[in-house]
Amino acid sequence: MKRIGVLTSGGDAPGMNAAVRAVVRCGLDRGMEVYGIQRGYEGLIDGAIKEMDMSSVGDILHRGGTILRTARSERFKTEEGQKHAINVLSAFGIEGIVVIGGDGSFRGGLELSQRGITVMGLPGTIDNDLGYTDFTIGFDTAVNTVLSAVSNIRDTSSSHERATVIEVMGRHCGDIALYAGLTGGADNILVPEMPFDINKVCRKIIQGKNRGKMHDIIMKAEGVGVDAKELAQLVEEKTGKETRVVILAYLQRGGSPTAKDRMLASRTASKAVELLYDDESSKAIGICGSEIVAYDLEKALTIKRPFNADLYHLADVLSK
Ligand code: F6P
């Protein structure tokens, strides 16, 4: 394949720029022409496409967000939008594209793939909710951002002897809460994958108070079906402990990517370009252990990774 495109789609994630850089530079290294598509599938429909060179991806490796910008496209969900996107790609002579995004972006890629475009999916989302890969690009940075917020909140929480509900992102996946909760010493971790028992949460807080514990961090994933403020109120009522709420929201989607995310982005992007160069069929690329893996794109979307209940129990033991 001679001419390829690259786009970022859905919620941005730290490391997307590192992936774009690697797609462009690995493509050029193989003698391919690489086109950047702006604003995800929206820009594709609008023909917002520009050829990229070595310097168009200079000085972006360390930056959060995405220089290509991103969008969630309603137009691309329609048959008309998809047909239009295919026409645009054919007008530019682009035969294959690298889609950097999450589950919804991969589904969009599958539509293009079924219409004759080769699509290589790179897992770009802070949520870590793509089952075929151990980790997604952006997850590690988001966990570290949450961790640093937890450390700050612990200081003030201890000083005032308060409990704090910290709500983190992740959509239906509890991994950000789990990883940041365990490494940040949260007293309670609430994730959508595990049953939630308010009495158990409050018992742990009261037991902690009885043995002189100053702070209490309740790390709650956004996918847990209870409002953070209502939860805080319930905790306050049942434990008698003043309880505050911090919703970290978009704070955890920005920032310079960690080494781990830059490495994952660079390695998966290099693999995507290699597969396009070799004229392989559409794939989703990820990591399993330390190995870069590639699955058939459609199959990848059906793979479910079980929730790591061992880590969840370990976090509970460590915070008793
Ligand atoms: O998928 C990434 C994510 O940040 C989720 O964790 C969150 O639920 C969602 O995107 C927020 O989406 P938006 O940027 O459209 O508000």
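When a ligand or atom number is given, it counts from 1 through the structure's own listing order. Nothing here was measured: the structure is a model prediction, and the numbers come from that model.
In this structure, Met263 places its CE atom where only 12 or fewer heavy-atom neighbours from other residues, nucleotides or ligands lie under 6.0 Å away. Within a 6.0 Å radius of CD in Glu193, more than 12 heavy atoms belonging to other residues, nucleotides or ligands are found.
Listed by chain and residue number, the protein contacts of ligand 1 are Arg72, Asp127, Met169, Gly170, Arg171, Glu222, Tyr250, Arg253 (heavy atom within 4.0 angstrom).
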Just distance, no hydrogens or angles: give the donor-acceptor pairs under 3.5 Å from side chains in residues 159-172, sequence neighbours left out.
from   : atom 1 : to     : atom 2 : distance (Å)
Ser159 : OG     : Asp155 : O      : 2.8
Arg162 : NE     : Glu242 : OE1    : 3.4
Glu167 : OE1    : Lys220 : NZ     : 2.9

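Residues passing the side chain to side chain contact (heavy atoms under 4.5 Å, CB included) test with Glu42 are Arg39, Ala71, Ser73, Arg75, sequence neighbours excluded.
The heavy-atom pair separating Phe106 from Gly101 by the smallest distance is CE1-O, 3.4 Å.
Sorted by first and then second residue, the pairs that involve residues 305-320 and meet side-chain hydrogen bond (donor to acceptor under 3.5 Å, both in side chains), not counting sequence neighbours, are Asp175-Arg305, Lys204-Asp316, Lys204-Ser319.
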